[in-house]
Amino acid sequence: MITNHQLHPLVDLKFDRSWFDELQLRLSRGGPWDDWTLYQLAMEAEASKLVESFEELQCLRSLPEFEPMPHQIGTASKVLHEMGGRAILADEVGLGKTIEAGLVLKEYLVRGLVKRALILVPASLVLQWVRELNQKFGISAVAQRKAHTWGSDIVVASIDTAKREPHRELVLGTDYDLIIIDEAHKLKNKKTTNYQFATLLRKKYCLLLTATPIQNDLDELFNLITLLKPGQLGGQSEFAANFVVDKRLPKNEDQLQEALSSVMIRNRRGDGGIHFTKRFVKNIPLQLSPEEKALYDAVTGFVRERYDESGGDMTSMLSLVTLQREVCSSRDAVFLTLVNLFKKTAEDSPLRPKIWALVDKIKGIQANTKAEKAMELVKEMNEKVIIFTEYRATQEYLLQFFREQNMIAVPYRGGMNRGKKDWMMDLFRGRAQVLIATEAGGEGINLQFCHHMINFDLPWNPMRVEQRIGRVHRLGQTEDVRIYNLCTLGTIEEHIVNLLHEKINLFELVIGQLDHILEKLDGGESIEQRLAKALLESGGDERQLQQSIGQLGSTLSQARNEMGYSPGPDLLIHTDKLGRTVEAPHE
């Protein structure tokens, strides 16, 4: 008998029907499966995470709006897979060493092999690096400003700041996964505080960036590689015995090249697949005014007298040769040098009245032939122009001259702090039509938004000319680049243009061939020293000067021919020294 308190097993049993209701719902939607669209999305998500090859750069998937060039991808891949994350990136100017370093950093971040990185660069390039890493690679890099910034994961700083206290202790006390050093050729001397500081940095991976791993001698290359991988080339004496004839001439080049290939990558403009816009070069010959020519002749006479009195001592004469170069630039440049020379000369010296006579000649010059021509060119272009000069006084004069002509021009020079340099660059991108730069503008900065350049005066070192041009004629430049060289006739400038342009075809060479050619100079003298010697030993004889410079040009031309160098296909249009347009034959 069943009491009221007992449950009937069939009547009162409770069932959980939720699973049945869910099944009925799914059947009503077409079957016991999830939505087909959601399934496809899930499959795509899984496929996107699939790593098909260890060699493949994973970071490219996370950079859909940025497309590196093949040589940049190849360089990054080689650094990762063949060099163990320690390499010298020595591409020629304008080929994108910053991009290659950014790819390596991004790849290591994606793979989880790098968390903390330190990027040491010249002060003027700090913000440029931060922008590139943030905008192109989505890397949250910060510019070092205060002590607390060092705690960030990715820090960009100047090496000069990092090596000073209180920063030094913080930096040297940190274990970095990756350190990148830009313009690494500045570490070439192992006796400098910069080099010694760099050797103390604790790092797992390291990249050194420089377009000129060798500038003066092979020891510089040894020092850089030792910083990167100690022992790679043996000790200093072992390296010298195996690979060095004298400081600039190597031996056993095949073995040296093999040793370098495991730590250094150098892409060249002449390599296939790297395309640049054309480069148009025009030499503008100018006749100095009678007053300017009289000053040039007087300064030249003064310098030659000092050379004769010195008995041909070149070491004491190089600074005086600068006077002749300054006269070709502006009266302001030579004025400052003469005044300083006057102050340093003893009061009873017979030189004093001679120096002051030159200063009096300067007072009679009211115009600057070059400045007037530069203004004429800028107005004709009606676009942004960068003007390079070697002298600070000339820069100041040009700024005032352009201001008087109601044209906005801004300066760029060494000595400016980081903030002011960035401000000048922003003004040039925006309101200003003209940027007037000294040699500080020839290194590091990118000016692809400008494609007109005026060499107000030319350096005697061809490599410095190419560094200037490399600021605008580089990857990312979409316009043909137009370069104007102002040249005063009847002066040393005319001979320099003849040497650079007609003798060694500087403006037709593919960048990077030039450094090899200059390395072939015998005797250990720089090209500047040889030019100064030719100028002084000519004794005012124009034919002898022309012959001496011609011999130097022939030496360089022979070196170029021996190495099989010819004009690059992207650098074909130029003019002769009289300004006539010549088009080189296409290859």
Side-chain angles (χ1 to χ4, degrees), residues 121-129 131 143 158 160 183 322 325-337 339-340 367-379 381-459 461 464-474 481-486:
V121 304
S124 60
L125 303 181
V126 169
L127 290 186
Q128 181 174 297
W129 265 87
R131 285 194 199 104
S158 75
D160 291 326
E183 305 295 340
T322 302
R325 300 173 66 181
E326 289 173 333
V327 177
C328 297
S329 181
S330 72
R331 62 181 186 182
D332 300 69
V334 75
F335 175 79
L336 282 180
T337 305
V339 168
N340 288 331
N368 185 310
T369 302
K370 273 187 170 182
E372 290 168 358
K373 186 62 179 180
M375 173 59 72
E376 181 186 322
L377 289 170
V378 170
K379 287 181 175 176
M381 295 170 201
N382 198 29
E383 293 186 86
K384 292 192 183 295
V385 185
I386 179 170
I387 299 177
F388 273 106
T389 177
E390 291 213 86
Y391 308 107
R392 172 78 177 271
T394 299
Q395 183 188 49
E396 293 294 341
Y397 169 78
L398 287 172
L399 287 167
Q400 182 181 346
F401 179 77
F402 278 89
R403 199 175 297 124
E404 289 169 355
Q405 302 290 323
N406 297 317
M407 187 169 289
I408 301 175
V410 293
Y412 192 95
R413 57 174 171 260
M416 286 180 171
N417 61 36
R418 182 202 308 171
K420 190 166 185 180
K421 284 181 175 177
D422 288 326
W423 181 32
M424 293 300 108
M425 291 298 298
D426 288 339
L427 285 173
F428 184 42
R429 281 192 191 89
R431 293 178 56 212
Q433 184 180 350
V434 181
L435 178 76
I436 303 172
T438 58
E439 291 309 308
E443 189 174 80
I445 58 172
N446 301 330
L447 295 161
Q448 292 102 317
F449 60 87
C450 168
H451 57 278
H452 293 283
M453 193 182 98
I454 296 174
N455 282 312
F456 196 82
D457 35 57
L458 281 168
N461 186 331
R464 285 169 59 203
V465 182
E466 275 302 349
Q467 284 171 349
R468 288 179 175 186
I469 296 170
R471 298 306 100 221
V472 293
H473 196 229
R474 59 196 297 117
V481 172
R482 298 183 183 276
I483 299 152
Y484 301 85
N485 301 317
L486 303 186

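The structure displayed is predicted, hence computed values, not measured ones.
- Between Met375 and Met407 the shortest side-chain heavy-atom distance falls below 4.5 Å.
- Taken to the nearest 0.5 Å, the CG atom of Leu336 stands 10.0 Å off from the CZ atom of Arg392.
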Open item on the list: Could you walk me through whether Leu125 and Glu183 satisfy the side-chain contact (heavy atoms from CB on, under 4.5 Å) test, starting with their C-alpha distance in whole Å, then the side-chain angles of each, then the deciding distance to 0.1 Å, before giving a yes or no?
Closed with: CA-CA 10 Å; Leu125 303 181; Glu183 305 295 340; 4.2 Å; yes
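- Arg131 is linked by a side-chain hydrogen bond (donor to acceptor under 3.5 Å, both in side chains) to nothing, counting only residues two or more places apart in sequence or in another chain.
- Side chain of Gln433 to backbone of Glu383: a donor-acceptor contact under 3.5 angstrom is found.
- Evaluation of the side-chain hydrogen bond (donor to acceptor under 3.5 Å, both in side chains) rule for His451 yields no partner, not counting sequence neighbours.
- Side-chain contact, Glu404 with Gln400: a donor N or O sits under 3.5 Å from an acceptor N or O.
- Thr322 OG1 to Tyr391 OH: the interatomic distance, rounded to the nearest 0.5 Å, is 6.0 Å.
- Ile387 is listed as a side-chain neighbour of Phe402, based on a closest heavy-atom distance under 4.5 Å.
- Taking both residues in full, the closest heavy atoms of Pro411 and Arg413 are given as CB-NH1, 3.6 Å, listed atom of the first, atom of the second, then distance.
- Phe401 approaches Ala371 most closely through the heavy-atom pair CE2-O, 3.4 Å.
- Of the possible polar contacts, none joining the Lys384 side chain to the Phe449 backbone as a donor-acceptor pair under 3.5 Å is found.
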Task: Leu447 vs Met425, side-chain contact (heavy atoms from CB on, under 4.5 Å): CA-CA, chis, key distance, verdict - done: CA-CA 9 Å; Leu447 295 161; Met425 291 298 298; 3.1 Å; yes
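- Looking at Ile454 and Val378, their side chains come closer than 4.5 Å, going by heavy atoms from C-beta outward.
- Distance check, rounded to the nearest 0.5 Å: CG of Asp422 to CE of Met416 gives 11.0 Å.
- Distance NZ/Lys370 to OG/Ser329: 5.5 Å, rounded to 0.5 Å.
- Residues Met453 and Ile469 meet the side-chain proximity criterion, which asks for heavy atoms closer than 4.5 Å.
- Atom CG of Leu398 is separated from atom OG1 of Thr389 by 6.5 Å, given to the nearest 0.5 angstrom.
- Taken to the nearest 0.5 Å, the NZ atom of Lys379 stands 5.0 Å off from the CD atom of Gln405.
- The two residues Asp332 and Tyr397 make their nearest non-hydrogen contact at OD1-CD1, 3.4 Å.
- Contact record, Ala437 with Ile386: CB-CD1, 4.3 Å, taken as the closest heavy-atom pair.
- Taking both residues in full, the closest heavy atoms of Phe456 and Asn368 are given as CZ-OD1, 4.0 Å, listed atom of the first, atom of the second, then distance.
- By the side-chain contact (heavy atoms from CB on, under 4.5 Å) test, Glu390 is found to be paired with Arg325, Glu439, Asp457, Pro459, Arg464, Arg468, residues two or more places apart in sequence or in another chain being considered.
- For Glu372, there are no side-chain hydrogen bond (donor to acceptor under 3.5 Å, both in side chains) partners two or more places apart in sequence or in a different chain.
- Shown here are the salt bridge (charged side-chain N to carboxylate O under 4.0 Å, His left out) partners of Arg429, two or more places apart in sequence or in another chain: Asp426.
- Checked against side-chain hydrogen bond (donor to acceptor under 3.5 Å, both in side chains), Lys373 has the following partners two or more places apart in sequence or in another chain: Glu376.
- In this structure, Val385 and Leu377 have side chains that are not in contact, with every pair of non-hydrogen atoms separated by 4.5 Å or more.
- No hydrogens or angles considered: a donor-acceptor pair under 3.5 Å links the side chains of Glu326 and Thr337.
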